[in-house]
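Read through the structure below, which is laid out as structure tokens, and then see the notes.
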Amino acid sequence: MTTDVLNPSTGTVLTSVPSLDEGETDAAIERARRAFPAWRSMAPGDRARLLRRFAAVVDEHLEELADLEVRNAGHTIGNARWEAGNVRDVLNYYAGAPERLIGKQIPVAGGLDVTFHEPLGVVGIIVPWNFPMPIAGWGFAPALAAGNTVVLKPAELTPLTAIRLGELALEAAIPADVFQIVPGKGSVVGRRFVTHPAVRKVCFTGSTDVGKSIMAGCADQVKRVTLELGGKSANIVFADADLAKAAASAPSAVFDNAGQDCCARSRLLVQESVYDKFLSLLEPAVRAFRVQDPADPAAEMGPLISAAHRQTVASYVDGADVGFVGNAPEGAGWWFPPTVLLAHGPDDRHWREEVFGPVLSVLPFKDEEDAVRLANDTEYGLSGSLWTRDLGRALRVSRAVETGALSVNSHSSVRYWTPFGGMKQSGLGRELGPDALLGFTDVKNVFLAMGD
Ligand code: NAD
């Protein structure tokens, strides 16, 4: 069976890729299981060298990978280059890990007690369509570095860069079957990662509903699981902030990747004393946001991923109080203009639910306490931002907002060497940074008796 892969900027078919069935998925998992012993016992320095070589090969193909993502996912060329570079950087970062995966020596009487960080075996990675390259890399790089073998399922809509990364791994001399791409449906391939006993951990990034079903499925085998799920992050602007800077950066904080970003700051909370002033600064920034052919280096935003998704996004705007709207091309492709909606309270559907499109909801707040209450009034807790010149408030609010990654007077939330992940129903476990590696291992304690 095959699936057609479309270009979201034009709606035309790019190519078609295999969609594997359960038997083919089992065969891939079995190959990964057989490849595990040799990969885990490879000298750490050799495993590190192979991962560095993999990073170098990715770097040599950076333009090709970026171009593929522009065509398959509608990402702007600037973003797509960053994403391919992120795969390279994450590989290089975790290539430093094999020789440093150090256990402990714990004092005991009558012998020696040591701990090992043992790899788990086969790790199954399930990737969504919104950031096909980085999310794949955040899973496979630390998993491989820790000595696991990997089966990776890309999203049905965006499999092309993952398939190419699988080929590049072989070109870099990563041994056969250590890193396999298994394209296919979530309900077939993804589900099999959950139910197959040889898969010892599932790393899932996607919607909260599917994530919950994966967690429930993994419970059956006490399978390890990392979940990176939805978000509805708040961008909180206090009256004392640099309003011009906060307004200039608010559009990209939500409209980047056409809002199809789990970290999108899609709820804008503005202190009521500066609400009108702030909206008057925001409007020109939204209208100037450049939505155009994503292959053009000037593009700040491309199309939505599919016709069905555009319909879902539009359903949030129908009947809502529209503040102002930016521009988008007409004609073929699944374009949607940056849209600012005025919320009338925290029960508005567009304020509560993850739209996953270029839609920003705005709500005024009274004071610090009110801002924290409104920001936390959600089941999600992935990222967020706050703008203030008051250092004490910045610290208080940073600690009070229930979210995994927060930025003050900026919107950055992803650096490959710092942890990333969600609180509450936005996720479980952390990716990236120094700790993610240990999530792909189990601690083993060994006591050696000294003898007489
Ligand atoms: P999705 O949950 O529909 O699909 C994600 C992946 O899971 C796809 O590969 C899909 O084929 C697979 N899948 C679907 N059903 C499955 C099942 N029953 N068993 C196993 N696998 C299954 O999500 P999506 O629409 O592709 O992605 C958008 C969502 O992802 C948004 O909610 C977004 O917030 C979230 N997301 C979160 C993060 C994060 O790091 N927290 C990052 C990116 C995206």
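Order of listing sets the numbers, starting from 1, for every ligand and every atom in it. The figures here come from the full heavy-atom set of this structure, side chains too, leaving out hydrogens, waters and symmetry mates. What you are looking at is a predicted structure, and each value in this text was computed from that prediction instead of being measured.
- Under the 30°/60° scheme for interplanar angles, the aromatic rings of His411 and Trp387 are found to be tilted.
- Ranked by closest heavy atom to atom 26 (O) of ligand 1, the top entry among Trp138, Trp129, Tyr380 is Trp129.
- Considering backbone and side-chain N/O of Thr208, none are found under 3.5 Å from N/O of ligand 1.
- Annotation for Arg191: atom CZ does not count as buried by contact number, only 12 or fewer foreign heavy atoms lying within 6.0 Å.
- Here's the thing with Glu431: none of its N/O atoms is less than 3.5 angstrom from an N/O atom of ligand 1.
- No more than 12 heavy-atom neighbours from other residues, nucleotides or ligands sit within 6.0 angstrom of CD on Gln311.
- The nearest protein atom to atom 32 (O) of ligand 1, hydrogens excluded, is given as Glu354 OE1, 2.7 Å; this is a heavy-atom distance.
- Aromatic ring pairs are classed by plane angle as parallel below 30°, tilted from 30° to 60° and perpendicular above 60°; the pair His309 and Trp129 is perpendicular.
- For atom 23 (O) of ligand 1, the nearest non-hydrogen atom of the protein is Ser207 N, 3.4 Å.
- Near Ala155, meaning under 4.0 Å from one of its heavy atoms, ligand 1 places the atoms 9 (O).
- Checked against Tyr416 for a ring pair (Phe, Tyr, Trp, His ring centres under 6.0 Å), the options Trp138, Tyr94, Trp82, Tyr93 give a single hit: Tyr93.
- Distance CZ/Arg393 to CD/Glu368: 5.0 Å, rounded to 0.5 Å.
- In this structure, Ser19 OG and Asp4 CG are separated by 11.0 Å, a value rounded to the nearest 0.5 Å.
- Of all atoms in ligand 1, listed by their number and element, those nearer than 4.0 Å to a heavy atom of Asn130 are 43 (C), 44 (C).
- Among protein heavy atoms, atom 15 (N) of ligand 1 sits closest to Val210 CG1, 3.6 Å.
- Listed by number with element, the atoms of ligand 1 under 4.0 Å from a non-hydrogen atom of Glu156 are 10 (C), 11 (O).
- In this model, a donor atom of one side chain and an acceptor atom of the other lie less than 3.5 Å apart for Asn79 and Asp256.
- With ligand atoms numbered from 1 in the order given, ligand 1 contributes 40 (O) to contacts under 4.0 Å with heavy atoms of Phe420.
- Listed for the Ser383 side chain is no donor-acceptor partner under 3.5 Å among the backbone atoms of Ser233.
- Residue Ile135 has at least one heavy-atom neighbour below 4.0 Å for each of these atoms of ligand 1: 42 (C), 43 (C).
- Nearest to atom 5 (C) of ligand 1 among the protein's heavy atoms is Thr205 O, 3.6 Å.
- Side-chain contact check for Arg265 and Ser407: at least one donor-acceptor pair (N or O, by modelled atom type) lies under 3.5 Å.
- Ranking the protein heavy atoms by distance from atom 41 (N) of ligand 1 puts Leu229 O, 2.7 Å first.
- Here the shortest heavy-atom distance to atom 29 (C) of ligand 1, taken over Pro128, Ser187, Gly206, belongs to Gly206.
- Annotation: atom 19 (N) of ligand 1 to nearest protein heavy atom, Gly186 O, 3.4 Å.
- By the criterion of a heavy-atom distance under 4.0 Å, the side chain of Leu382, and not its backbone, is placed next to ligand 1.
- Of the polar atoms of Val127, at least one N or O is found under 3.5 Å from an N or O of ligand 1, judged by distance alone.
- Distances below 4.0 Å separate heavy atoms of Gly230 from the following atoms of ligand 1: 32 (O), 34 (O).
- Applying the 6.0 Å contact sphere to CZ of Arg200 captures no more than 12 heavy atoms from other residues, nucleotides or ligands.
- Every atom of ligand 1 with a heavy atom of Ile214 under 4.0 Å away is listed here by number and element: 20 (C), 21 (N).
- Protein heavy atom closest to atom 28 (C) of ligand 1, with residue, atom name and distance, is Phe356 CE2, 3.4 Å.
- Using a 4.0 Å cut-off between charged side-chain N and carboxylate O, Glu118 and Arg40 make a salt bridge.
- Neither the backbone nor the side chain of Phe131 comes within contact range of ligand 1; no heavy atom lies under 4.0 Å.
- Nearest to atom 36 (N) of ligand 1 among the protein's heavy atoms is Cys262 CB, 3.6 Å.
- The environment of Lys185 atom NZ is sparse: at most 12 non-hydrogen atoms of other residues, nucleotides or ligands sit within 6.0 angstrom.
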